[in-house]
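Just below is one structure, and these are the notes that go with it.
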Amino acid sequence: MKRLHDMIMPALFGVLGIIFLLAGTRAGCYAQSPAADEELVVTVGMQELGNAEISAIIHNQDIYLSVSDLFDFLQVKNIMSPQADTLSGFITGPDDRYIIEKTTRTITYNKKTFTMNTDKLRCTPAGFYLRSTSWGDMFGLNCVFRFRDLYVTVTTQRELPVIREIKQQKLRDNINRLKGEEKADTIIRRKTNAFSVNAADWAVMAARQQHTNSVNLNLSLGGQMAGGETNLQLNYIDGSLDVRNQQFIWHYVNNDHPLLRQVTAGKINSMGIASVLYPLAGVQFTNAPTLSRTAFGTYRLTDITTPGWKVELYINQELIDYQQADASGFFAFNVPIIYGNTTVTLRFYGPFGEVRSEQRQIMVPFNFLPAGEMEYTLTGGMLLDGQSSRYAMGTLHYGITRRITVGAGTEYLSSIPGGKPIPFVHAAWRLTDNLIISGEYAHQVRSKASFFWRLPFDLEVDAQYLRYQPGQQAVKYNYQEERKLSLTLPVRKPGFSLFSRLTADQITMPPAEQLPVTEKIPGTPAVPPVKYTTVEWINSGTIGNVNTNVTTFCNFREGAEPMIYTALSQTYRLFSNMFLMPRLQYSFDSHQFTNARLELERYIRERTYVRLSFERDFVYQQFMGGITLRYDFRFAKVGLNTMIAGRNSSVTATAGGSLLYDRESHYLMASNLGSVGRAQLTVLAFLDLNGNGKRDAGESRLEGLSIQVNGGVSVFSKEDTLYRVFNLEPYRKYLVRLNPDGFPSVAWQLKYTSIGVTALPNQFKPVEIPVTVSGEVAGMVRSINKQGMSRIRMNILDAGCNTVASVLTESDGYFSYLGLRPGTYTLSPDPAQLQRLHMTAQPAEITVTIKRNPDGDVVDGLLFKLISNLSTNPPK
């Protein structure tokens with residue numbers, strides 16, 4: 001056994017040695033034998049630029065990247081000489097030049113010349129290929145190659161022109177997005193109807209109290225007439241259709257017209273100097289745009305409404321912000337101070353479904369215009385006061401500098417005794433970004449000065465002083481002077497917020513016993529004027545889920561006891577959808593609690609709203625209680641409210657909703673939200689068979705398109721195969737972004753990926769998206785030895801000899817292009833490239849026809865042979 005073991009073991013070790021020797025020899029031979037260069041296409045990627053495919057050469061485990069292709073991807077200038085022996089250009093600028101020479105195998109860059117051997121630089125008839133590890137040493141471009149997935153990652157610390165341009169473009173896009181000036185690939189022109197009625201809001205309220213019944217009906221119609229927005233509101237109040245309670249307005253807007261942008265007819269608002277206490281029916285012309293200009297600051301706007309009501313802030317008919325009033329009804333907005341005439345509108349929505357239809361206009365006291373820009377407004381009409389009083393007003397503003405704006409105008413009201421016009425001038429000066437002063441003078445009526453200063457910690461000081469001309473009759477109130485001072489301070493901390501406002505208003509009036517000037521007896525001592533002073537201090541804060549409001553009100557009058565009371569109100573969130581709101585009021589002058597109130601609100605399944613209220617009046621020793629129920633249908637809101645106060649009771653029932661009609665698709669929709677004055681879009685994609693960009697007969701709608709709109713609510717309708725976008729701001733320009741990834745066919749392509757459209761009120765603006773049917777051509781480019789020719793540029797020309805596209809052949813000589821419209825095309829290798837390569841194509845060109853087919857047409861099997869002009873024995 002031992003002898004057998006001694007004989008087997010040497011033989012076994014010998015066999016193993018031979019195996020290892022053969023394995024080592026094979027590996028060594030493989031490493032020593034030079035491998036042939038393999039030309040192929042790899043993917044190159046950069047974080048800022050994305051991915052692209054370029055040509056490359058792989059030798060063993062090393063990769064050489066095409067210099068021209070990589071520079072084209074990085075948008076670096078590179079020019080190949082006609083003889084294809086040099087490549088030159090610059091990296092970051094004209095002073096950062098480089099040149100690569102084929103004959104000397106050198107790269108000259110930064111005034112230094114480097115001699116490159118075959119391991120670093122390879123030269124082929126198609127161009128220069130630089131080793132991936134040499135890109136960082138030569139040009140500061142780090143290239144990391146992953147052999148498994150043929151992917152090259154490019155990074156650099158240098159700020160290439162393309163990267164710098166991308167950063168600047170992103171900055172410009174962000175600024176344009178804030179300004180609402182995003183660029184679109186195409187814009188849909190405005191198209192209006194001669195007459196149409198497309199929206200309607202309705203509301204019914206019936207109440208019974210103390211053996212009396214009252215019924216109020218409201219119907220609002222919205223449409224288009226003569227190219228302008230037309231709104232009609234009919235109010236039936238207790239059997240009366242008083243013309244003063246009816247509303248009609250026709251509003252034409254064209255923000256692109258510099259001389260006349262708005263025309264308004266019907267019941268219009270006039271923020272004049274004289275007291276206009278009746279509705280004004282007339283017409284108004286202005287070149288002020290409806291869209292807000294650039295804001296350069298904010299102005300704090302605070303007010304009081306019904307507790308728990310929602311408040312929307314509109315600037316020039318554009319929704320800016322919204323919020324819900326706190327437990328005492330207090331709300332505050334930061335109103336942008338913008339260039340131009342700023343009209344601030346507040347709309348109030350109650351939890352019972354109430355909507356206040358009145359338009360409360362509040363003029364920001366600081367109106368500025370850009371330097372050198374002029375803005376005018378002309379208003380004329382008649383007051384519905386029973387006397388047919390005539391009214392006219394004209395104003396003109398001019399921006400002297402970006403910080404100083406002046407204006408002038410005149411106003412006329414025939415009901416003013418004497419019937420004389422009221423000329424006026426005003427000016428506003430922005431001393432710093434946080435300090436603004438303005439002044440106004442109306443001849444023989446009043447003088448006005450305003451002061452606004454924002455201190456550190458967001459403390460704002462707003463002061464106004466008005467002095468009235470003795471004996472003036474333009475303003476109905478017999479004021480002599482008005483003084484107003486407001487201090488506001490917002491405090492925001494993590495988990496805590498507080499808003500504090502202190503206002504003081506003082507009015508100086510002549511005493512009631514003062515005689516007229518014409519009857520004053522000489523020597524009689526002057527009677528001092530009467531001063532009324534009111535002070536209000538509001539503190540509204542939130543800690544966690546508890547909102548607290550403490551309001552103190554003081555009323556002072558000389559010779560009378562002051563009246564001072566404080567109200568404390570809170571809102572507790574008991575559960576996710578239940579709120580408890582207690583309120584208590586204390587009077588300091590009577591030294592007692594005057595009122596206590598407790599309310600409990602709850603939302604049930606997001607559609608049912610219940611409110612219970614209990615109130616005790618300690619002054620009149622009266623108890624009040626009530627319950628409010630509301631249910632939100634999809635088509636309307638209905639509610640019931642019952643109140644009991646002592647022996648008196650009242651019951652109120654309400655219902656309201658709206659209707660929308662889309663004329664293009666014959667679609668009628670009912671909603672529980674208001675629709676009159678709002679704008680909608682209808683977006684549909686259709687198969688553009690003839691490629692004219694218009695929807696013709698027989699061109700069907702398509703599914704699979706997804707959209708994104710910078711505003712509104714988008715809803716897709718499977719029945720109509722279209723998108724409807726609701727609740728858009730009228731006259732605002734929106735950007736509709738398109739995504740065709742959901743199309744079932746790759747032959748369906750979009751000409752534009754973003755479309756700009758201006759939303760118009762009281763209609764569904766149609767946005768039709770043409771989807772073109774694209775054809776494909778494909779083929780091969782080979783040498784006379786039937787080898788594929790890579791990097792050959794193929795030109796595609798239409799019937800008019802215009803270049804439609806150019807593609808490069810792949811490593812095996814294959815080429816394809818998808819995106820041709822129906823028609824006749826000519827394909828040929830690029831003549832300039834063939835001249836550099838000293839080759840000719842056979843055939844020189846091929847003519848193909850793309851047929852009209854809903855699924856697209858494909859023409860493949862094309863074959864081009866390239867023949868070297870240097871061949872001594874060209875084939876027959």
Side-chain angles (χ1 to χ4, degrees), residues 271-277 300-306 328-332 346 360-365 416 438-442 444-453 460-489 500-517 519-520 524-540 549-568 585-592 594-595 619:
M271 302 301 295
I273 298 172
S275 298
V276 180
L277 305 180
R300 196 87 61 180
L301 174 62
T302 59
D303 210 335
I304 300 292
T305 186
T306 307
S328 68
F330 176 79
F331 63 90
L346 299 175
R360 190 195 304 191
Q361 303 285 340
I362 300 178
M363 298 298 296
V364 175
I416 299 177
S438 66
E440 181 184 78
Y441 172 74
Q444 295 183 351
V445 178
R446 74 180 186 190
S447 302
K448 178 181 177 181
S450 301
F451 174 86
F452 175 78
W453 189 16
E460 293 182 358
V461 180
D462 190 0
Q464 290 186 15
Y465 175 76
L466 292 88
R467 183 177 182 85
Y468 294 88
Q469 182 78 17
Q472 63 85 22
Q473 298 184 20
V475 180
K476 297 299 182 181
Y477 312 106
N478 57 343
Y479 297 162
Q480 292 182 348
E481 292 179 325
E482 283 188 79
R483 298 177 179 88
K484 300 180 180 181
L485 177 64
S486 175
L487 302 176
T488 59
L489 178 63
S500 180
R501 185 190 72 171
L502 177 64
T503 59
D505 297 344
Q506 186 180 75
I507 300 174
T508 302
M509 302 177 63
E513 64 272 13
Q514 180 174 332
L515 299 176
V517 179
E519 302 179 8
K520 187 175 181 180
T524 303
V527 179
V530 178
K531 294 183 179 179
Y532 297 90
T533 304
T534 59
V535 179
E536 186 181 47
W537 187 22
I538 298 177
N539 292 277
S540 179
N549 183 290
V550 180
T551 300
T552 301
F553 181 83
C554 308
N555 191 345
F556 302 96
R557 179 186 175 187
E558 296 181 1
E561 292 293 331
M563 182 182 66
I564 306 173
Y565 67 85
T566 296
L568 170 65
Q585 182 172 313
Y586 181 82
S587 176
F588 291 93
D589 51 318
S590 60
H591 306 286
Q592 66 173 349
T594 59
N595 183 275
V619 177

Nearest-0.5 Å distance, CG of residue Asn539 to CG of residue Asn549: 8.0 Å

To the nearest 0.5 Å, how far apart are OH in Tyr441 and CD in Gln469? 6.5 Å

Quick one: does any side-chain atom of Ser275 pair with a main-chain N or O of Lys476 as donor and acceptor, under 3.5 Å? yes

Can you name the closest pair of heavy atoms from Pro562 and Asp589 and give their distance? O-CB, 3.7 Å

Please round to the nearest 0.5 Å and tell me the distance separating atom OG1 of Thr552 and atom CG of Leu568. 10.0 Å

Nearest heavy atoms of Val550 and Thr566, plus distance in Å: CG1-CG2, 3.9 Å

For Trp453, give me all partners under side chain to side chain donor-acceptor pair (under 3.5 Å), at least two apart in sequence or on another chain. none

Is there a side-chain contact between Phe556 and Lys531 in this structure, where contact means two heavy atoms from C-beta onward sitting under 4.5 Å apart? no

Positive for side chain to side chain contact (heavy atoms under 4.5 Å, CB included) with Ser486, one of Gln464, Glu460, Arg501: Arg501

With rounding to the nearest 0.5 angstrom, report the OG1 to CD distance, Thr533 to Gln506. 4.0 Å

Anything under 30° is parallel, anything over 60° is perpendicular, the rest tilted; go ahead and classify Tyr586 against Phe588. perpendicular

Restricting to salt bridge (Lys or Arg N to Asp or Glu O under 4.0 Å), what partner residues turn up for Glu481, sequence neighbours left out? Arg467, Arg483

Charged N to carboxylate O below 4.0 Å: is that the case for Glu482 and Lys448? no

Under 4.5 Å between any side-chain heavy atoms of Ser500 and Trp537, yes or no? yes

At what distance, to the nearest 0.5 angstrom, does OG1 of Thr551 lie from OH of Tyr565? 8.5 Å

Kindly indicate whether the side chain of Val461, heavy atoms from C-beta on, has any atom under 4.5 Å from the side chain of Leu485. yes

CG/Leu487 to CG/Leu502 distance, rounded to the nearest 0.5 angstrom? 5.5 Å

Please determine whether the number of non-hydrogen atoms from other residues, nucleotides or ligands lying under 6.0 Å from atom CD of Gln592 exceeds 12. yes

Smallest separation among heavy atoms of Phe451 and Asp462, with atom names: O-OD1, 3.2 Å

